[in-house]
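The next block holds one structure in the form of structure tokens; read it before the comments.
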Amino acid sequence: MDGFMRGAGEFLLLLGAIYAVTVAIYFILGFGITWLNDRNPERRIQKNRRGEKRKVAEIRLSMASILVTCLSVAIGLFAQYKGWAWTPWAFSWWTAVPLFLLAMVLFDAWFYFAHRLLHTKLFYRFHLEHHRSVAPTVWSNDSIGLVDTALSQGFYAVIVFIVPFPPLILIANRLFDQVNGTFGHAGFEYFASKTARYPSPMLCTTYHDQHHAEFKYNFANYFSFWDRVMGTISPVYDTRVETFEKEAPPLKLTLAKEAASQGRDTA
């Protein structure tokens with residue numbers, strides 16, 4: 001009994017630490033990217049829609065769904081710590097990059113097929129809440145139902161029993177996914193380039209924004225591979241990225257009124 005209680009305490013401590021860090025990152029990214037968006041209104045993807053009115057509801061739901069995500073991560077890490085999963089490969093800086101990329105590829109496959117499942121008639125009721133954000137914002141990334149989150153983020157609790165990733169690789173992948181997902185829901189485009197369209201497998205914010213706006217396309221997370229193979233990529237995605245490359249205004253880091261004020265001060 002003492003061993004069980006000690007193990008439960010260790011697990012809850014791990015879960016609490018992961019949750020606290022993730023929530024902090026959620027708000028840091030949210031306010032930071034909002035700051036950037038306010039200075040670049042011309043980069044808004046959906047010009048005639050605004051999702052900001054859902055901010056409070058999205059934050060409230062995110063606090064619960066982040067807990068589910070962190071529970072998945074904690075289960076995976078704790079299983080490794082207790083020796084219940086495969087013994088993790090030794091971490092080294094020589095293997096860090098290929099292992100990180102492998103984790104990305106596997107997570108992207110998991111996410112794609114879990115996401116497709118959530119769009120079926122049987123499971124869509126669990127995914128509906130996330131699609132209330134037709135014009136996503138930085139607060140939308142984790143605004144997901146709890147069953148939805150368990151399916152899309154359950155990767156971390158399962159993969160340790162299949163591939164012996166070092167804990168640092170799993171943590172780095174989860175951190176990267178949080179950053180990537182927040183920018184993917186930002187509603188403003190900063191990454192349109194040749195590397196974000198065919199033949200490159202990489203994506204930009206427009207990719208997931210189209211999924212929210214058009215519903216039936218672009219299910220993947222990191223790469224366009226599965227959408228292209230399965231025929232679920234938006235037929236106008238590559239064209240829109242190329243258009244944005246040509247028409248996007250220069251990136252600004254100051255508000256227009258601030259810039260004008262600075263101009264008067266230096267005149």
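Remark: the T232 side chain and the Y112 side chain contain an N/O donor-acceptor pair separated by less than 3.5 Å. A donor-acceptor contact closer than 3.5 angstrom is absent between the side chains of S143 and S140. If you check the side chains of Y124 and D148, you find no donor sitting under 3.5 Å from an acceptor. Inspection of the T137 and E58 side chains reveals an N or O donor paired with an N or O acceptor under 3.5 Å. Between T205 and Y190, the side chains place no donor N or O within less than 3.5 Å of an acceptor N or O (distance only, hydrogens not considered).
Geometrically, R116 engages F219 in a cation-pi contact defined by less than 6.0 Å to the ring centre and at most 45° from the axis.
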| said: H130 vs H185, test: ring-ring contact (aromatic ring centres under 6.0 Å, His included). Steps then yes/no. | reply: CA-CA 11 Å; H130 189 59; H185 289 82; 5.1 Å; yes
| request: Evaluate the side chain to side chain contact (heavy atoms under 4.5 Å, CB included) criterion for residues L122 and R125: first the C-alpha distance (whole Å), next the side-chain angles of each, then the deciding distance (0.1 Å), finally the verdict. | output: CA-CA 7 Å; L122 181 62; R125 64 185 184 274; 4.3 Å; yes
| said: Working note: E52 + R44, criterion salt bridge (charged side-chain N to carboxylate O under 4.0 Å, His left out); need CA distance, chi angles, decisive distance, verdict. | reply: CA-CA 12 Å; E52 287 80 3; R44 185 182 290 272; 3.3 Å; yes
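Residues F183 and F191 place their aromatic rings such that the two centres sit under 6.0 Å apart. With ring centers used as reference points, W84 lies under 6.0 Å from F78. Aromatic ring centres of F113 and W226: separated by under 6.0 Å. You'll find the ring centres of Y222 and F176 inside the 6.0 Å limit. Ring centroid separation for the pair Y237 and Y217 does not come in under the 6.0 Å cut-off.
Around the OH atom of Y81, the shell of radius 6.0 Å holds no more than 12 heavy atoms that belong to other residues, nucleotides or ligands.
In this structure, N141 CG and N180 CG are separated by 8.5 Å, a value rounded to the nearest 0.5 Å.
Both F31 and L253 belong to a single network of hydrophobic side chains, linked directly or stepwise wherever heavy atoms of I, L, V, M, F, W or Y lie under 4.5 Å apart. By the criterion of side-chain heavy atoms lying less than 4.5 angstrom apart, applied directly or through intervening Ile, Leu, Val, Met, Phe, Trp or Tyr residues, V23 is grouped together with I25 in one hydrophobic cluster.
The aromatic rings of H131 and H119 sit perpendicular to each other, their planes meeting at more than 60°, with 30° as the lower class boundary.
Taking the side chain as every heavy atom from C-beta outward, Y156 and I75 never approach each other to under 4.5 Å.
Of the charged side-chain nitrogens involved, none lies within less than 4.0 Å of a carboxylate oxygen, so that E189 and K47 do not count as a salt-bridged pair. The pair E214-R240 counts as a salt bridge, with a side-chain nitrogen and a carboxylate oxygen less than 4.0 angstrom apart.
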